[in-house]
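For reference, the structure discussed in these notes is given below.
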Amino acid sequence: MKLIRYGEAGKEKTGIILNDKKYDTSGFGEDYNEQFFETDGLARLQKYVEENKSGLQEIAENERLGSPIARPSKIICIGLNYKDHAEETNAPLPKEPIIFFKSTTALVGPDDDIIIPKNSVKTDWEVELAVVVGKKASYVEENEALEYVAGYVLHNDVSEREFQLERNGTWDKGKGCDTFAPVGPFMATAKEIEDVHNLKLWLKVNDKMMQNGTTANLIFNIPFLVSYVSQFMTLLPGDIISTGTPAGVGLGFNPPVYLKPGDVVELGIDGLGTAKQVVKAYAKN
């Protein structure tokens, strides 16, 4: 099952994708949020769809897609989780996962604009596989970790490198700006993805391939990451864990290459669809 949310930003309705067509599920009466996942929402939604399949209304192709997950309690990210990315940024391979956060206000839809922040000169891209937590998780054993995964989504971990690396403090300064977490187009349930550790992921800027990797090269795999993060904080249903990016980010070029207004970013992961974002300059409302 593939979950979507669509419509005006901040007023999204729920939907699903069946046989490559989008259908409205707002009659189900719930958003895809913490409460939904916590109360066995996926199974209940599946039953609702089966019972109402003939009456589901198809969604127009030109409808905006929002994040397939309503604003979660946390967006947790893993840094330097691909060997080639660590090497291109001249960083040592981590002995344990590096954890940082993106603000939940950074969350946007898969095809929404990326806004270069005020005073930014080093806005960068990062295609990532993200995990959606399905149930409350604390001190989870690695061999049980996948039982806590509801599904997977495509994520562009947009990053401002000066804010992240040159402004002192944690990486979070360069990770949580508005529009810096485009997610989607859909959440694929865990059963939809046959082998999460063998997915191609890629990203283009202005139709030039910048990143072309595979989740087979993760340093820390998905069960380990879910278990590891749960040792330090309670994961709540609907939380997102973004698992790192392969080589090819702008910071890794010599000289570095950063996004500018008018650039078009396209990205995708096997089984998780594609997204397209236009880069625009910050403008005061």
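- The closest donor-acceptor contact from the side chain of E126 to the backbone of V249 lies at 3.5 Å or more, if one exists at all.
- Here L154 contributes atom CG and M187 contributes atom CE; the two are 14.0 Å apart, rounded to the nearest 0.5 Å.
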Go through the steps to decide whether S159 and Q164 satisfy the test side-chain hydrogen bond (donor to acceptor under 3.5 Å, both in side chains), and finish with yes or no.
CA-CA 7 Å; S159 309; Q164 176 190 355; 4.7 Å; no

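- A salt bridge does not link E162 with R167: every distance from a Lys NZ or Arg NE/NH1/NH2 to an Asp or Glu carboxylate oxygen is 4.0 Å or more.
- Note: F224 and F220 have parallel aromatic rings, judged against thresholds of 30 and 60 degrees for the angle between ring planes.
- The shortest side-chain heavy-atom distance between W171 and I98 falls under the 4.5 Å cut-off.
- Atom CG of L3 sits about 8.0 Å away from atom OG1 of T14, to the nearest 0.5 Å.
- Note that CD1 of I116 and CD1 of I114 are 8.5 Å apart. Values are rounded to the nearest 0.5 Å.
- Looking at M210 and E266, their side chains never come closer than 4.5 Å, going by heavy atoms from C-beta outward.
- Side-chain atoms of T215 come within 3.5 Å of backbone atoms of V196 as a donor-acceptor pair (strictly under, hydrogens ignored).
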Give the C-alpha distance, both sets of side-chain angles, the deciding distance and a yes or no for side-chain contact (heavy atoms from CB on, under 4.5 Å) between D124 and V257.
CA-CA 8 Å; D124 203 349; V257 178; over 6 Å; no

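- Heavy atoms from other residues, nucleotides or ligands lying under 6.0 Å from CD of E87 number more than 12.
- Cluster membership for L203 and Y82, using ILVMFWY side-chain heavy atoms within less than 4.5 angstrom, is shared.
- Environment of CD in E141: sparse, with no more than 12 heavy atoms of neighbouring residues, nucleotides or ligands closer than 6.0 Å.
- Side-chain contact check for D113 and Q277: no donor-acceptor pair (N or O, by modelled atom type) lies under 3.5 Å.
- Between E166 and R161 no salt bridge is recorded (no basic side-chain N to carboxylate O distance below 4.0 Å).
- A cation-pi arrangement is absent between K200 and W202 under the rule of less than 6.0 angstrom and at most 45 degrees off the ring axis.
- Between the side chain of H85 and the backbone N or O of G252, no donor-acceptor pair lies under 3.5 Å.
- A distance of 11.0 Å separates CG in L235 from NZ in K136, rounded to the nearest 0.5 Å.
- With respect to E63 and K22, no salt bridge is recorded, no charged nitrogen being found less than 4.0 Å from a carboxylate O.
- The closest donor-acceptor contact from the side chain of E88 to the backbone of G248 lies under 3.5 Å.
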Using the rule given for side-chain contact (heavy atoms from CB on, under 4.5 Å), can you reason through I75 versus L107, listing the C-alpha separation, both sets of side-chain angles and the distance that settles it, and then say yes or no?
CA-CA 9 Å; I75 302 174; L107 191 70; 4.2 Å; yes

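- Remark: of the listed residues N156, T245, V279, N156 is the sole one forming a side chain to side chain contact (heavy atoms under 4.5 Å, CB included) with W125.
- In this structure, the side chain of E34 does not engage the main chain of A70 through any donor-acceptor pair within 3.5 Å.
- Annotation: side chain of E128 is not in contact with side chain of L201 (no heavy-atom distance under 4.5 Å).
- F100 has its side chain within reach of D157: a pair of non-hydrogen atoms, C-beta onward, lies under 4.5 Å apart.
- One distance of note links CG of D178 with CG of D112; it measures 12.0 Å at 0.5 Å rounding.
- Looking at S138, its side chain never comes within 3.5 Å of a backbone N or O of T234 through a donor-acceptor pair.
- One N or O on the side chain of T39 and one on the backbone of Q35 form a donor-acceptor pair closer than 3.5 Å.
- Between L80 and P92, the shortest heavy-atom distance links the atoms CD1-O, 4.4 Å.
- Cation-pi geometry between K173 and F163 is not satisfied (NZ or CZ under 6.0 Å from the ring centre, within 45° of the ring normal).
- Although no hydrogens or angles enter the test, the distance criterion places a donor-acceptor pair under 3.5 Å between the side chain of D239 and the main chain of K74.
- No side-chain heavy atom of D111 sits less than 4.5 Å from a side-chain heavy atom of R64.
- N143 contributes atom CG, which lies 8.5 Å from atom OG of S227 (distance to the nearest 0.5 angstrom).
- Side-chain contact between F101 and D172 is present, with at least one heavy-atom pair separated by less than 4.5 Å.
- When all heavy atoms of Y228 and I99 are compared, the pair lying nearest together is CE2-CD1, 3.9 Å.
- Pairing each heavy atom of G238 with each of P72, the nearest pair is O-CB, 3.2 Å.
- The main-chain N or O of I59 is never found under 3.5 Å from a side-chain atom of K21 such that the two would form a donor-acceptor pair.
- For the residue pair T25/Y32, the side-chain donor-acceptor check at 3.5 Å is satisfied.
- In this structure, the side chains of I17 and F186 come closer than 4.5 Å at one or more pairs of heavy atoms.
- Under the 3.5 Å distance criterion, the side-chain polar atoms of N52 are left unmatched by any main-chain donor or acceptor of V49.
- With contacts defined as side-chain heavy-atom distances shorter than 4.5 Å, the pair K13/R5 does not qualify.
- With hydrophobic clusters built from ILVMFWY side chains whose heavy atoms lie under 4.5 angstrom apart, I78 does not share a cluster with I69.
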As a quick check of understanding, evaluate side-chain contact (heavy atoms from CB on, under 4.5 Å) for L251 and L165, giving each step before the final call.
CA-CA 11 Å; L251 176 65; L165 302 171; 3.9 Å; yes

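- Put simply, Y152 and F37 are part of two different groups of oily side chains (I, L, V, M, F, W, Y) that touch within less than 4.5 Å, one to the next.
- For the residue pair Y6/E12, the side-chain donor-acceptor check at 3.5 Å is not satisfied.
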